[in-house]
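One is the number of the first residue; the rest follow in order along the sequence. Just so you know, ligand 1 is whichever comes first in the structure, and atom 1 is the first atom listed for that ligand.
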Amino acid sequence: MRTPLVAGNWKMHKTVGEALRLVDALLPLVAGVEGVEVAVAPPFTALHAVGQRLVGTPLRLAGQNMHWEAQGAYTGEVSAAMLAEAGCAYVILGHSERRQLFGETDAGVGRKVAAALAGGLTPVVCVGETLEERDRGAAFEVVERQIRGALGSLGPDVVDRVAVAYEPVWAIGTGRTATAAQAQEVHAFLRQVLGSLGGTERAGRVRLLYGGSVKPYNSAELLGQPDVDGALVGGASLEPETFASIVRFRV
Ligand code: PEP
């Protein structure tokens, strides 16, 4: 019922030339895959060129971040309209690196979600606890606060217009992955929280992606969980063969 979404977050990697070489290598590797939506999130500088290359292909484009204002004196920022014009269908919002390194707050993520939706983009809202929070038993409380902070003030209608990525901070770029059972437990909980915000029907339509050291060897088990509807992939999305094997997780 929910088509899985596998999205590659390239972070601050790849010049325009390198980005084009990566999508050119990736396109034939994922060409025949059915029943999975695939997206890539290059850095801002490469979005337009990659977006042009993806026209007429099933691969979708995503931004890694954006500002909530439509325009103005916000040096270094880009708007939803700018991303949409470059060809983006998605935008990653509230990634833990943005929260931890650049001071993003739940309220700020909420404003970005509203602006992204108004600009015709589908937000991929990231939530996830730190190791310290998990160790003291606060993982559920943290992800609930983050998801309510992002969506709580926007009304029930927005709930099924977003995707959510559960990315435990301790699993990002560490090679340490949540077990499939840990991922499923949090995803099921997130779906309940989404249900309380927008009703069970809407919550049942939301794609919940898992992120945190997803690799070809663990993707089938993670994505085989009933509430895991895709993956947000960092490091492993920079190599076309590796990313394509994750996209082909069912094979
Ligand atoms: C990410 O940053 O979204 C991520 C999941 O990274 P990695 O796959 O490298 O852990």
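Nearest heavy atoms, Ala49 versus Leu20: O-CD2, 3.7 Å. For the pair Ala171 and Ser213, the tightest heavy-atom approach, listed with the atom from each and the gap, is O-OG, 2.7 Å.
In terms of N/O distances under 3.5 Å, ligand 1 is not approached by Gly212. When only interatomic distances are considered, the shortest N/O to N/O separation between Gly234 and ligand 1 falls below 3.5 Å. For Ser213, a nitrogen or oxygen atom sits less than 3.5 Å from a nitrogen or oxygen atom of ligand 1, counting backbone and side chain alike. Looking at ligand 1, you won't find any N or O of Thr174 less than 3.5 Å from one of its N or O atoms. The N/O atoms of Gly235, backbone and side chain alike, include one that comes under 3.5 Å of an N/O atom in ligand 1.
Ligand 1 lies out of reach of Ser96, whose nearest heavy atom is not under 4.0 Å from it. The closest approach between Ala236 and ligand 1 stays at or above 4.0 Å for every heavy atom of the residue.
Side-chain contact annotation: His13 with Glu18, donor-acceptor N/O pair under 3.5 Å absent. Side chain to side chain, Glu129 and Trp170 meet the donor-acceptor criterion of an N or O pair below 3.5 Å.
When only non-hydrogen protein atoms are considered, atom 1 (C) of ligand 1 lies nearest to His95 NE2, 3.2 Å. Among protein heavy atoms, the minimum distance from atom 5 (C) of ligand 1 is reached at Glu167 OE2, 3.1 Å.
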